[in-house]
Protein chains: 2
Amino acid sequence: MARPAPSEARAQESPHSVSCRARDILGRIGDKWSLYVIFVLGEQTLRFTELKRGVEGISQRMLTVTLRGLERDGIVSRTVYPVVPPRVEYSLTPMGRTLLDTVGTLVRWADDHVERIQHARTAYDAREA
Amino acid sequence: MARPAPSEARAQESPHSVSCRARDILGRIGDKWSLYVIFVLGEQTLRFTELKRGVEGISQRMLTVTLRGLERDGIVSRTVYPVVPPRVEYSLTPMGRTLLDTVGTLVRWADDHVERIQHARTAYDAREA
DNA sequence: CGGAATCCGATCTGATACTG
DNA sequence: CAGTATCAGATCGGATTCCG
C-alpha cells in the first residue's frame, strides 16, 4: 500500500497551492450532505433507512446519490445481504474514519456558530438594504 | 458578546442531530471554493486579484460570489480603500480564523488522498462496467 | 427495504461585455 | 483594479413512479 509522501513537497513549491484533483475531492467531501452523512455514520454501521432517519431533511434521492459518491471514493463501504426484504448496511471505511475528527469539528463549529452567523447575515443584509 | 453554550445540549437529546440552520452553514463553508479561499487567505490580507491568482482555477465571478457569501456570514472582512484605481483587501475575521485549523486539515487530507481516491474511483467504475 | 428511472423547475456557473 | 450585469448551458435536487 503506497503511503505517498504527504504535503511536504507541496508546501515547498507554493505555500498554499492545491491541485485541481484535490479540489475535486474537496467538492465531494465538502458537500453539505456528505459531511452530514459522514458525521452521522461515525463509527456505526447503519442501514439505508436508519441513515435516512439520522440525516434529517435528506431526500431518498440525495441520500442515494451521496452514498454512491462516497462509496465510489472509498470513504463509505456498502454491504448487501441477499435476503428478502433487502438489507444494506453502510459504514465508514478505514480511510473514511480518518476524516471523522475533522468532519466532527467542522459540524460542531457550524452548530456552535449558528447564532453569530445568523446575526452577521442580518447585519449585512440591513447594511445593503 | 454572547458566547452561547455549545454543543452540550445537542449532544444530550440525540447523539448526532444537526439543526437545519447548521446545515445551511455547512453548505456555505463546505463549498469547494469557500474552503479553498479560506485556506489560501490564511493569516494574510490579500487583494482581489492576488486571491484570484492564489485560488487556482476560480473564475472572477465565483470568487466574487464566494467572497460575498463569506463576508455576509462574518467569516471574511472586506476593506475598500477609496482610491483610483480601487484597492480592496480581504482577510479572515477573528471568527473566520477559528476555522483555519480545521479547513487546513481538510484541504491537506484531500491533497494527501488524491491518489488513493483516484484509485478507488477507477476500481469502482471498473466494477460497474 | 432499498433502491433506479424519469421528469422538470430551480440553481449554479462560465463566458462575455461593460464600468467607476 | 475590482467589480456588476446578462445570458445560455450545465447541474442539482425534489417529487413521483416503478421494481426485485
Side-chain angles (χ1 to χ4, degrees), chain A residues 20 23-37 40-41 44-73 76-91 121 124-125 127-129, chain B residues 18 20 23-37 40-41 44-73 76-91 124-125 127-129:
Chain A
C20 66
R23 247 188 296 141
D24 182 26
I25 294 171
L26 273 185
R28 160 96 56 217
I29 61 182
D31 175 79
K32 180 177 58 177
W33 293 124
S34 294
L35 287 174
Y36 202 166
V37 164
V40 168
L41 215 40
Q44 308 180 76
T45 293
L46 293 177
R47 300 180 59 171
F48 187 86
T49 311
E50 293 171 335
L51 256 175
K52 181 149 167 28
R53 221 174 304 124
V55 181
E56 207 176 340
I58 198 170
S59 68
Q60 183 228 41
R61 181 188 203 286
M62 284 321 292
L63 183 54
T64 302
V65 170
T66 303
L67 284 171
R68 284 292 171 281
L70 291 173
E71 186 197 357
R72 187 167 104 102
D73 286 0
V76 157
S77 77
R78 176 172 181 266
T79 312
V80 183
Y81 297 93
V83 296
V84 179
R87 176 182 189 86
V88 182
E89 290 184 345
Y90 293 92
S91 61
R121 284 182 185 177
Y124 182 91
D125 293 348
R127 222 174 306 139
E128 289 309 277
Chain B
V18 176
C20 66
R23 248 188 296 141
D24 182 26
I25 295 171
L26 273 186
R28 159 95 56 215
I29 62 181
D31 175 78
K32 179 177 60 176
W33 293 124
S34 294
L35 287 174
Y36 203 166
V37 164
V40 168
L41 214 42
Q44 309 179 75
T45 293
L46 294 176
R47 301 180 61 170
F48 187 85
T49 310
E50 292 171 337
L51 257 175
K52 181 149 168 27
R53 220 174 304 127
V55 181
E56 207 175 339
I58 198 171
S59 68
Q60 186 223 40
R61 180 186 155 69
M62 284 320 292
L63 182 55
T64 303
V65 171
T66 302
L67 284 171
R68 284 290 172 282
L70 291 172
E71 187 197 357
R72 186 166 104 103
D73 287 359
V76 157
S77 77
R78 175 172 180 266
T79 313
V80 183
Y81 297 92
V83 295
V84 179
R87 176 183 190 88
V88 181
E89 290 185 345
Y90 294 92
S91 61
Y124 182 91
D125 293 348
R127 222 174 307 141
E128 289 308 279

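Residue numbering restarts at 1 for every chain, and letters A, B, ... go by the order of the sequence lines. All values derive from a computational prediction rather than experimental measurement.
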[N] phosphate, OP1 or OP2, under 4.0 Å from [X] side-chain N/O:
X: Arg68(B); N: dT4(D); result: yes
X: Arg78(B); N: dG3(D); result: yes
X: Tyr90(B); N: dC1(D); result: no
X: Ser59(A); N: dG13(D); result: no

**Q.** Straight-line distance of Leu70(A) CG to Ser77(A) OG, nearest 0.5 Å
**A.**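 Going from CG on Leu70(A) over to OG on Ser77(A), the span is 11.0 Å.
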**Q.** Value rounded to 0.5 Å, distance of CG in Leu63(B) from CZ in Arg53(B)
**A.**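 Leu63(B) CG to Arg53(B) CZ: 12.0 Å, rounded to 0.5 Å.
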Closest contact, heavy atoms only, [X] versus [Y]:
X: Tyr90(A); Y: Arg78(A); value: OH-NE, 3.1 Å
X: Gly69(A); Y: Arg28(A); value: CA-NH1, 3.3 Å
X: Arg23(B); Y: Lys32(A); value: O-CD, 3.3 Å
X: Tyr124(A); Y: Arg68(B); value: OH-CD, 3.4 Å
X: Gln44(A); Y: Ser91(A); value: O-CB, 3.6 Å
X: Glu50(B); Y: Thr45(B); value: OE1-O, 4.3 Å

What integer distance in Å separates [X]:[atom1] from [N]:[atom2]?
X: Ile58(A); N: dG3(C); atom1: CD1; atom2: P; answer: 12 Å
X: Arg23(A); N: dT13(C); atom1: CZ; atom2: C1'; answer: 14 Å
X: Arg61(A); N: dT11(D); atom1: CZ; atom2: P; answer: 13 Å
X: Met62(B); N: dT13(C); atom1: CE; atom2: P; answer: 4 Å
X: Leu46(B); N: dA2(D); atom1: CG; atom2: P; answer: 11 Å
X: Leu51(A); N: dG3(C); atom1: CG; atom2: P; answer: 10 Å
X: Leu63(B); N: dC1(D); atom1: CG; atom2: P; answer: 14 Å
X: Glu89(A); N: dG2(C); atom1: CD; atom2: P; answer: 9 Å

(Q) Run Thr66(B) and Ser34(B) through side-chain hydrogen bond (donor to acceptor under 3.5 Å, both in side chains) and show every step you take. (A) CA-CA 6 Å; Thr66(B) 302; Ser34(B) 294; 5.0 Å; no
Q. In residues 25-34 of chain A, which ones come under 4.0 Å of DNA chain C, going by heavy atoms?
A. none
Q. Donor-acceptor pair, Thr64(A) side chain versus Gln60(A) backbone, under 3.5 Å?
A. yes
Q) Side chain of Lys52(A), backbone of Ile58(A): donor and acceptor closer than 3.5 Å? A)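 Judged by distance alone, yes, a pair lies under 3.5 Å.
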Q | Nearest-nucleotide 5' precedence on DNA chain D, Arg53(B) against Thr64(B) | A |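 Looking at DNA chain D, the more 5' nearest nucleotide goes with Arg53(B).
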**Q.** Check: Asp73(B) and Ile25(B) side chains under 4.5 Å, non-hydrogen atoms
**A.** no
Q) How would you label the contact of Tyr81(A) with the nucleic acid (heavy atoms, under 4.0 Å): base, sugar-phosphate, or nothing? A) nothing
**Q.** Helix axis bend for the helix from dC1(C)-dG20(D) to dG20(C)-dC1(D) - C1'-based end axes, five pairs, 10° rounding
**A.** 50°
Write out a two-atom table: protein N or O, nucleotide N or O from nucleotides 17-20 of chain D, distance below 3.5 Å.
none

